[in-house]
2 protein chains.
Amino acid sequence: MTRMHKENNLSKNQQIIFDLIDKSPEPLKAYTILYNVQKKGINAPPQVYRALDKLVEIGKIHKIESKNAFVACKNSDCEISKATAFSICESCEVVDEISDVKLSKYLSSFNHKKGMKFKRFNLEFFGLCKKCK
Amino acid sequence: MTRMHKENNLSKNQQIIFDLIDKSPEPLKAYTILYNVQKKGINAPPQVYRALDKLVEIGKIHKIESKNAFVACKNSDCEISKATAFSICESCEVVDEISDVKLSKYLSSFNHKKGMKFKRFNLEFFGLCKKCK
DNA sequence: TTACATACTGTTATATTATAACAATTCTAA
DNA sequence: TTAGAATTGTTATAATATAACAGTATGTAA
Ligand SMILES: [Zn+2]
Ligand SMILES: [Zn+2]
Ligand SMILES: [Zn+2]
Ligand SMILES: [Zn+2]
């Protein structure tokens, strides 16, 4: 069997799937990923979902919840901060990860009245991008 | 056929499904809703999803994207503002709609560097609620 | 009233997204 | 080198959501 690619902490399947997502200009869905990696020997949904779960867990990719799709992280500190924000065009469906220190700090320090302490948040903005409006 | 319940703007199926969600202490999933309204003559997924779509559209309920589940709106202005925020306990899964004017204003006036103007946002906070920590 | 448009309903089938379960292999660290 | 942890491969199935089409109810305006 091929050696695992531990020099960068990703296993073989994780690396294949990360590379695909990272190269993609748009969010990729799990089954789109599956179709695109079958030539690399990844044949079944669980193989894809397991790699996706791990990549999300370590902050290399994020799930766009409203689209059931995945994008590569464009920031350096998502793994640590667990603070994600995206802008989503409702027309062309372009998604951008927002990296705004003030926004991130504001939300990370937000305290709920009911005494809940937050560990993580996900924010999705919707509108029309420059091109589409 | 029964008269539509237009006195409050909801159709028969919409009213049945809204009442169920509104009474529920926790977010409800579409198929849980389906099982619970079959005695009222709603038999198939499209009937549920159509009512859910409409109720979301008019702001009577919200979808918790990370859970594929629906809650009744607890605010008065969600229909207008299209600004939703939730706190979600990762242990007991309790979900609360956050109604914080400052937060809502801050996010509603947030402008993306790339020139996108937002019409709507959804924010989900995760952590441990008072009871669970 | 009639006729039309719009919204809603009922139904069957199917598409899409995600996980359970289990056996085998590979990696890591002691 | 060996045991535990992580990863992989595989089959089957669960859970979530929509397509398509025919029919019914409602509001509006001639
Ligand atoms: Zn990121
Ligand atoms: Zn666009
Ligand atoms: Zn609301
Ligand atoms: Zn809790």
Side-chain angles (χ1 to χ4, degrees), chain A residues 1-21 24 26-71 93 95, chain B residues 1-21 24 26-71 93 95:
Chain A
M1 224 313 187
T2 4
R3 275 186 49 65
M4 286 178 80
H5 300 197
K6 278 299 177 187
E7 59 275 10
N8 51 15
N9 283 324
L10 295 185
S11 74
K12 174 170 143 286
N13 288 1
Q14 289 159 15
Q15 187 71 57
I16 290 168
I17 286 171
F18 175 73
D19 287 344
L20 182 70
I21 296 171
S24 170
E26 60 197 7
L28 293 180
K29 293 177 162 264
Y31 277 75
T32 305
I33 292 167
L34 177 56
Y35 299 140
N36 280 283
V37 296
Q38 284 185 328
K39 47 184 167 297
K40 305 224 170 179
I42 296 175
N43 303 302
Q47 296 175 288
V48 173
Y49 281 101
R50 283 190 296 229
L52 290 173
D53 287 349
K54 187 71 184 183
L55 291 166
V56 166
E57 184 192 325
I58 65 179
K60 299 280 287 180
I61 66 173
H62 304 302
K63 182 173 187 181
I64 309 299
E65 294 286 357
S66 61
K67 300 171 74 73
N68 298 318
F70 298 85
V71 294
E93 313 246 303
V95 171
Chain B
M1 225 311 186
T2 5
R3 271 186 52 64
M4 286 179 80
H5 299 196
K6 277 300 176 187
E7 60 275 10
N8 52 15
N9 283 324
L10 296 184
S11 74
K12 173 171 144 282
N13 288 1
Q14 288 160 15
Q15 188 71 58
I16 290 168
I17 286 170
F18 175 73
D19 287 343
L20 182 70
I21 296 171
S24 170
E26 61 196 6
L28 293 179
K29 291 175 162 266
Y31 277 74
T32 304
I33 292 167
L34 176 57
Y35 300 141
N36 280 283
V37 296
Q38 285 185 328
K39 48 184 168 298
K40 305 224 171 179
I42 296 174
N43 303 302
Q47 296 175 289
V48 173
Y49 281 101
R50 282 190 296 229
L52 289 173
D53 287 350
K54 188 69 185 188
L55 290 166
V56 166
E57 184 192 326
I58 65 179
K60 299 279 287 180
I61 67 172
H62 304 303
K63 182 174 188 181
I64 310 298
E65 294 285 357
S66 61
K67 299 172 75 70
N68 298 317
F70 300 84
V71 294
E93 314 245 305
V95 172

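Just the heavy atoms: all of them, side chains too, but no hydrogens, waters or symmetry mates, feed the values below. In what follows, every chain begins at residue 1, and chains take the letters A, B, ... in the order their sequences are listed.
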Using whole Å, what does the distance between atom [atom2] of nucleotide [N] and atom [atom1] of [X] come to?
X: A:Gln14; N: D:dA5; atom1: CD; atom2: C1'; value: 13 Å
X: B:Leu34; N: C:dG10; atom1: CG; atom2: C1'; value: 13 Å
X: A:Asp53; N: C:dA18; atom1: CG; atom2: P; value: 10 Å
X: B:Ile33; N: D:dA17; atom1: CD1; atom2: P; value: 10 Å
X: A:Leu10; N: D:dT8; atom1: CG; atom2: C1'; value: 15 Å
X: B:Arg50; N: C:dC8; atom1: CZ; atom2: P; value: 10 Å
X: A:Ile64; N: C:dT17; atom1: CD1; atom2: P; value: 15 Å
X: A:Ile17; N: D:dG9; atom1: CD1; atom2: C1'; value: 13 Å

Would you say the side chain of A:Ile61 lies within less than 4.5 Å of the side chain of A:Val71, judging by non-hydrogen atoms?
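Side-chain contact under 4.5 Å: no.
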Given side chains that start at C-beta, do those of B:Pro45 and B:Tyr31 come closer than 4.5 Å, heavy atoms only?
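Counting from C-beta outward, B:Pro45 and B:Tyr31 do come under 4.5 Å.
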At under 4.0 Å, does any side-chain N or O of [X] touch on OP1 or OP2 of [N]?
X: B:Asn13; N: C:dG10; result: yes
X: A:Asn43; N: D:dT8; result: no
X: B:Ser11; N: C:dA7; result: no
X: B:Gln47; N: C:dT9; result: no
X: B:Lys12; N: C:dA7; result: no
X: B:Lys40; N: C:dT9; result: no

Between protein and nucleotides 11-16 of chain D, map the contacts as a letter string: B base, S sugar-phosphate only, - none, heavy atoms under 4.0 Å, written 5' to 3'.
B----B
Check: A:Ala51 main-chain N/O paired with A:Asp53 side-chain donor or acceptor under 3.5 Å:
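Not confirmed, A:Asp53 side chain does not pair with A:Ala51 backbone.
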Has B:Glu57 got a side-chain atom pairing as donor or acceptor with B:Lys54's backbone, closer than 3.5 angstrom?
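Pair absent, no side-chain N/O of B:Glu57 close to backbone of B:Lys54.
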Identify, with sequence neighbours excluded, every residue that meets side chain to side chain contact (heavy atoms under 4.5 Å, CB included) alongside B:Glu93.
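In terms of side chain to side chain contact (heavy atoms under 4.5 Å, CB included), with neighbours along the sequence ignored, B:Glu93 is linked to B:Lys67.
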Taking only residues two or more places apart in sequence or in another chain, which ones pass side chain to side chain contact (heavy atoms under 4.5 Å, CB included) with B:Ser66?
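With neighbours one apart ignored, the set is A:Glu65, B:Ile64, B:Ile88, B:Glu124, B:Phe126.
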Under a 3.5 Å threshold, yes or no: a donor from one side chain and an acceptor from the other, between A:Asp19 and A:Gln15?
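Per modelled atom types, A:Asp19 and A:Gln15 side chains form a pair under 3.5 Å.
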By the salt bridge (Lys or Arg N to Asp or Glu O under 4.0 Å) test, which pairs, at least two apart or in different chains, include something from residues 37-51 of chain A?
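Checked against salt bridge (Lys or Arg N to Asp or Glu O under 4.0 Å) - neighbours excluded - no pair reaches residues 37-51 of chain A.
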Sequence-distant partners of A:Lys29, salt bridge (Lys or Arg N to Asp or Glu O under 4.0 Å), two or more places apart:
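Partners of A:Lys29 by the salt bridge (Lys or Arg N to Asp or Glu O under 4.0 Å) criterion come out as none, since no residue qualifies.
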So if I take the C1' atoms of five pairs at each end of the helix from C:dT1-D:dA30 to C:dA30-D:dT1 and get each local axis, what angle do the two axes make, rounded to 10 degrees?
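For the helix from C:dT1-D:dA30 to C:dA30-D:dT1, the axes at either end differ by 40°.
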